[in-house]
Engineer: 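One structure is given below, represented as structure tokens, and several questions about it will come after.
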Amino acid sequence: MGILANVLVALVAALHFYILVMEMFLWQKKPGMSFHGFDAEMAKRTAPMAANQGLYNGFLAAGLVWGLVAGDPTGFRAQVFFLSCVIVAGVYGAVTANRRILFAQALPGALALAAVLIAQ
């Protein structure tokens, strides 16, 4: 179960790194605009906000990677903390922005957290 937990945590970290790239570097390019369905004008107006969001997603990814490489108990605690942050952010995003965030962010975080807790 420990291997599955580590794989799920790594996938959640990769997801948040992907979001960082989309929001910080590709927001005003075709992949970034199609990510949220924005036209060029809307992407330009929202680029500073998206870059800020991307930075936060990068911190989540970094925290999860730290949790994977740190020895226990620090690694376990970091994984639980950052996965909890992912879940809270996903639920909040689903309520305030787009319901699909619940399935794209909160659900993978919850599955990874469950695996981490069971593996402990």
Side-chain angles (χ1 to χ4, degrees):
M1 189 59 153
I3 293 172
L4 175 63
N6 287 341
V7 168
L8 291 175
V9 171
L11 288 172
V12 173
L15 170 66
H16 285 275
F17 181 75
Y18 169 76
I19 295 170
L20 171 145
V21 170
M22 293 299 285
E23 292 178 340
M24 292 190 78
F25 304 111
L26 300 177
W27 192 257
Q28 296 184 67
K29 295 177 176 35
K30 187 174 180 173
M33 288 189 292
S34 64
F35 190 65
H36 285 290
F38 289 163
D39 61 16
E41 178 58 33
M42 179 64 97
K44 183 177 180 179
R45 287 189 319 201
T46 58
M49 176 206 62
N52 187 49
Q53 289 176 184
L55 185 62
Y56 284 100
N57 278 287
F59 291 139
L60 291 173
L64 291 170
V65 170
W66 173 43
L68 287 170
V69 299
D72 285 334
T74 301
F76 170 76
R77 291 174 182 159
Q79 288 178 34
V80 170
F81 174 77
F82 284 99
L83 288 169
S84 298
C85 290
V86 165
I87 295 165
V88 170
V91 170
Y92 185 79
V95 170
T96 61
N98 188 325
R99 221 169 65 198
R100 103 182 154 191
I101 296 171
L102 185 67
F103 303 102
Q105 183 176 346
L107 180 60
L111 293 174
L113 179 59
V116 166
L117 293 173
I118 291 169
Q120 189 58 25

Engineer: Rounded at 0.5 Å granularity, tell me how far CZ in R77 sits from CG in D72.
Structural biologist: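 Going from the CZ atom of R77 to the CG atom of D72 covers 9.0 Å.
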Engineer: What's the verdict on ring-ring contact (aromatic ring centres under 6.0 Å, His included) for W27 and F38, showing C-alpha distance, side-chain angles and the deciding distance?
Structural biologist: CA-CA 9 Å; W27 192 257; F38 289 163; 5.6 Å; yes
Engineer: Closer than 3.5 angstrom, by distance alone: can the side chain of T74 be matched with the main-chain N or O of A70 as a donor-acceptor pair?
Structural biologist: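 No: the side chain of T74 does not pair with the backbone of A70.
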Engineer: Please report the closest heavy-atom contact between A119 and A5, naming both atoms and the distance.
Structural biologist: CB-CB, 4.2 Å
Engineer: Rounded to the nearest 0.5 Å, what separation is found between the NE2 atom of H16 and the CG atom of L60?
Structural biologist: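 Result: 5.5 Å between the selected atoms.
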Engineer: Verify the cluster assignment for V86 and Y56: are they in a single hydrophobic cluster under the rule of side-chain heavy atoms below 4.5 Å apart?
Structural biologist: no
Engineer: Contact between L113 and S84 at the side-chain level, heavy atoms closer than 4.5 Å - yes or no?
Structural biologist: yes
Engineer: Would a 4.5 Å heavy-atom cut-off, applied to side chains only, mark L64 and F59 as touching?
Structural biologist: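 When only atoms from C-beta onward are counted, F59 and L64 do not touch, as no gap falls below 4.5 Å.
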Engineer: Is there a side-chain contact between M33 and L26, using heavy atoms and a 4.5 Å cut-off?
Structural biologist: no
Engineer: Does the side chain of F76 come within less than 4.5 Å of F81's, by heavy atoms?
Structural biologist: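 Heavy-atom side-chain distance check fails, nothing below 4.5 Å.
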Engineer: Strictly distance-based, threshold 3.5 Å: is any side-chain N or O of N57 a donor or acceptor partner for the main-chain N or O of Q53?
Structural biologist: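 Yes, N57 side chain to Q53 backbone: donor-acceptor pair under 3.5 Å.
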Engineer: Side-chain contact test, heavy atoms from C-beta onward, threshold under 4.5 Å: evaluate it for N52 versus E23 and give yes or no.
Structural biologist: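 Result no, sub-4.5 Å side-chain heavy-atom pair not found.
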Engineer: Please find the pair of heavy atoms, one from F35 and one from M22, that lie closest to each other, and give the distance.
Structural biologist: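 What the structure gives for the nearest pair is CB-CE, 3.6 Å.
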Engineer: Hey, any chance V12 and V80 share a hydrophobic cluster, counting ILVMFWY side chains that come within less than 4.5 Å of each other, even indirectly?
Structural biologist: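 Same cluster.
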Engineer: To check you understand the geometry: which heavy-atom pair defines the closest contact between I101 and A94, and what is its length?
Structural biologist: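 Heavy atoms only, the tightest pair is CB-N, 4.0 Å.
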Engineer: Please find the pair of heavy atoms, one from A112 and one from V9, that lie closest to each other, and give the distance.
Structural biologist: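 Shortest heavy-atom separation between A112 and V9 comes out as CB-N, 4.1 Å.
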Engineer: Should Y18 and F25 be regarded as members of a common hydrophobic cluster, given that ILVMFWY residues are connected when their side-chain heavy atoms come within less than 4.5 Å of each other, either directly or indirectly?
Structural biologist: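 Hydrophobic grouping puts Y18 with F25.
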Engineer: What are the two closest heavy atoms between V91 and A106, and how far apart are they?
Structural biologist: N-CB, 4.0 Å
Engineer: Is there a side-chain contact between L107 and L111, using heavy atoms and a 4.5 Å cut-off?
Structural biologist: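 Heavy-atom side-chain distance check passes, below 4.5 Å.
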Engineer: Ignoring hydrogens, what is the shortest heavy-atom contact between A43 and Q28? Give both atom names and the distance.
Structural biologist: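 In terms of heavy atoms, the two residues are closest at O-CG, 3.8 Å.
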Engineer: Parallel, tilted or perpendicular: which describes the rings of F82 and W66, with under 30° parallel and over 60° perpendicular?
Structural biologist: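 Because their plane-to-plane angle is over 60°, the rings of F82 and W66 count as perpendicular.
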Engineer: Between L55 and L20, is any pair of side-chain heavy atoms under 4.5 Å apart?
Structural biologist: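 Answer no - side chains too far apart.
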Engineer: Transitively linked via ILVMFWY side-chain contacts under 4.5 Å: I87 with L8?
Structural biologist: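 Unlinked, I87 and L8 end up in two clusters.
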Engineer: Please determine whether residues M24 and V21 belong to a single hydrophobic cluster, defined as Ile, Leu, Val, Met, Phe, Trp and Tyr linked transitively by side-chain heavy-atom distances below 4.5 Å.
Structural biologist: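 In one cluster with M24: V21, yes.
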